[in-house]
Amino acid sequence: MEATARKLHWENIYQTRAFENVSWFEQVPLVSLRMITENAADSEAPLIDVGGGDSYLGAALLGKGYKNIAVLDISEHALQRAQKRLGADAAKINWIAADITAFTPGTKYAVWHDRAVFHFLNTDEEIAAYKRTAAAAVMPGGTLIIGTFSIDGPEKCSGLPVKQYTEESLAAVFEGAFTPKKCFRINHTTPAGMIQQFVFCSFKRNAV
């Protein structure tokens, strides 16, 4: 999808739908929290949540004592909703409005977390751009965490086609820059009661 159309699509989603009704909603992001805390023992470690928009993960990370958090989303409306919900605590997070395929990171992150963005990238060019950005953003020895639709997951989400992955095909995308650490599959229950199959993988950033 062309970048302008992609932004308009997600701005419309967040302007017309309550976050509690979107399929990826989690009141408590337990899997993401566990994977981040397993890979970031230092509360000062720089973390980025890609596509975090209006999710509750940023607030949960603040609650765990992390002090160097960035949340990136293509939708400015999603970021504004999260900031409004957090109130004064919003100032403790670095909010970034950007399309991940065109993002130029200015920080080296200890952990890059992405739950439910990567599967929306359908072209080889978009996927290659994502890999380049992640490789530039994650410090050597740092961790890339990807949660994406598994091979048994949906074929469309929010009106858009998505790509599905196995543990092996996801590792193949990031081969060279990253080495797999751990992969597993989970079932996510949407607010409508539907089951979506995800695969989560963590990767170590190889030495440059």
Side-chain angles (χ1 to χ4, degrees), residues 10 24 26 28-76 78-118 120-121 126-148 170-171 173-183 200-208:
W10 290 110
W24 55 93
E26 291 182 306
V28 182
L30 291 175
V31 173
S32 296
L33 275 176
R34 185 180 76 244
M35 294 190 76
I36 292 170
T37 55
E38 285 176 354
N39 290 283
D42 183 358
S43 64
E44 300 286 347
L47 317 174
I48 186 167
D49 182 23
V50 172
D54 198 20
S55 86
Y56 288 15
L57 182 58
L61 289 170
L62 287 176
K64 291 288 186 181
Y66 288 102
K67 299 177 176 64
N68 196 349
I69 304 164
V71 175
L72 180 148
D73 203 279
I74 194 171
S75 169
E76 295 180 39
L79 296 173
Q80 290 164 5
R81 288 192 347 188
Q83 292 172 60
K84 182 177 180 180
R85 187 174 61 246
L86 277 169
D89 281 344
K92 300 176 183 178
I93 292 176
N94 178 26
W95 305 92
I96 304 169
D99 184 325
I100 194 57
T101 64
F103 174 53
T104 301
T107 298
K108 291 288 188 180
Y109 296 100
V111 175
W112 168 300
H113 169 269
D114 168 359
R115 174 184 176 271
V117 170
F118 186 65
F120 286 108
L121 306 180
E126 290 172 338
I127 293 168
Y130 186 105
K131 179 180 178 180
R132 286 194 301 271
T133 300
V138 179
M139 62 181 61
T143 302
L144 171 72
I145 298 168
I146 302 286
T148 193
L170 189 57
V173 169
F174 294 99
E175 187 176 9
F178 295 91
T179 298
K181 296 168 69 174
K182 179 170 71 174
C183 288
F200 273 82
C201 288
S202 59
F203 302 87
K204 179 182 177 180
R205 176 68 170 104
N206 297 329
V208 178

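Computed over heavy atoms, backbone and side chain alike; hydrogens, waters and symmetry mates excluded.
Closest approach of V71 to G53, counting heavy atoms only: CG1-N, 3.6 Å. What you find for Y109 and A70 is that their closest heavy atoms are OH-CB, 3.9 Å. The two atoms that bring L79 and I96 nearest to each other are CD1-O, 3.4 Å, heavy atoms only. The minimum heavy-atom distance linking S43 with G65 is given by the pair CB-O, 3.4 Å. Across every non-hydrogen atom of Q83 and W95, the tightest pair is CG-CE2, 3.4 Å.
Results of the side-chain hydrogen bond (donor to acceptor under 3.5 Å, both in side chains) test with S32 over E26, R115, H113 single out H113 as the only residue that passes.
To the nearest 0.5 Å, atoms CG (L62) and CG (L86) are separated by 6.5 Å. Separation of atoms CD1 (I145) and NZ (K182) is listed at 9.0 Å; rounding is to 0.5 Å. Within the model, atoms CD1 of I36 and CG of L61 stand 4.5 Å from one another, a figure rounded to the nearest 0.5 Å. The distance from the CZ atom of R205 to the OG1 atom of T179 is 9.5 Å, given to the nearest 0.5 Å. Distance OG/S55 to CG/D49: 5.0 Å, rounded to 0.5 Å. Taken from SG in C201 to CZ in F118, the straight-line distance is 10.5 Å, to the nearest 0.5 Å.
K181 and T143 share a side-chain donor-acceptor pair at under 3.5 Å. Counted by atom type alone, S75 and D73 present zero donor-acceptor pairs between their side chains at under 3.5 Å.
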Can you give the donor-acceptor pairs under 3.5 Å from side chains of residues 127-139 to other protein atoms, not counting sequence neighbours?
from : atom 1 : to   : atom 2 : distance (Å)
Y130 : OH     : W112 : NE1    : 3.0
Y130 : OH     : D114 : OD2    : 2.5
K131 : NZ     : V173 : O      : 3.2
K131 : NZ     : E175 : O      : 2.6
T133 : OG1    : A129 : O      : 3.0

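The number of heavy atoms from other shown groups lying within 6.0 Å of NZ (K108) is above 12.
Put simply, the side chain of D54 gets close to the backbone of A82: a donor and an acceptor are under 3.5 Å apart. A donor-acceptor distance shorter than 3.5 angstrom exists from the side chain of Y66 to the backbone of A40, with no hydrogens or angles considered.
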Hey, mind stepping through N68 and L47 against side-chain contact (heavy atoms from CB on, under 4.5 Å) and telling me if it holds? CA-CA 6 Å; N68 196 349; L47 317 174; over 6 Å; no
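Side-chain contact between I74 and F120 is absent, with no heavy-atom pair separated by less than 4.5 Å.
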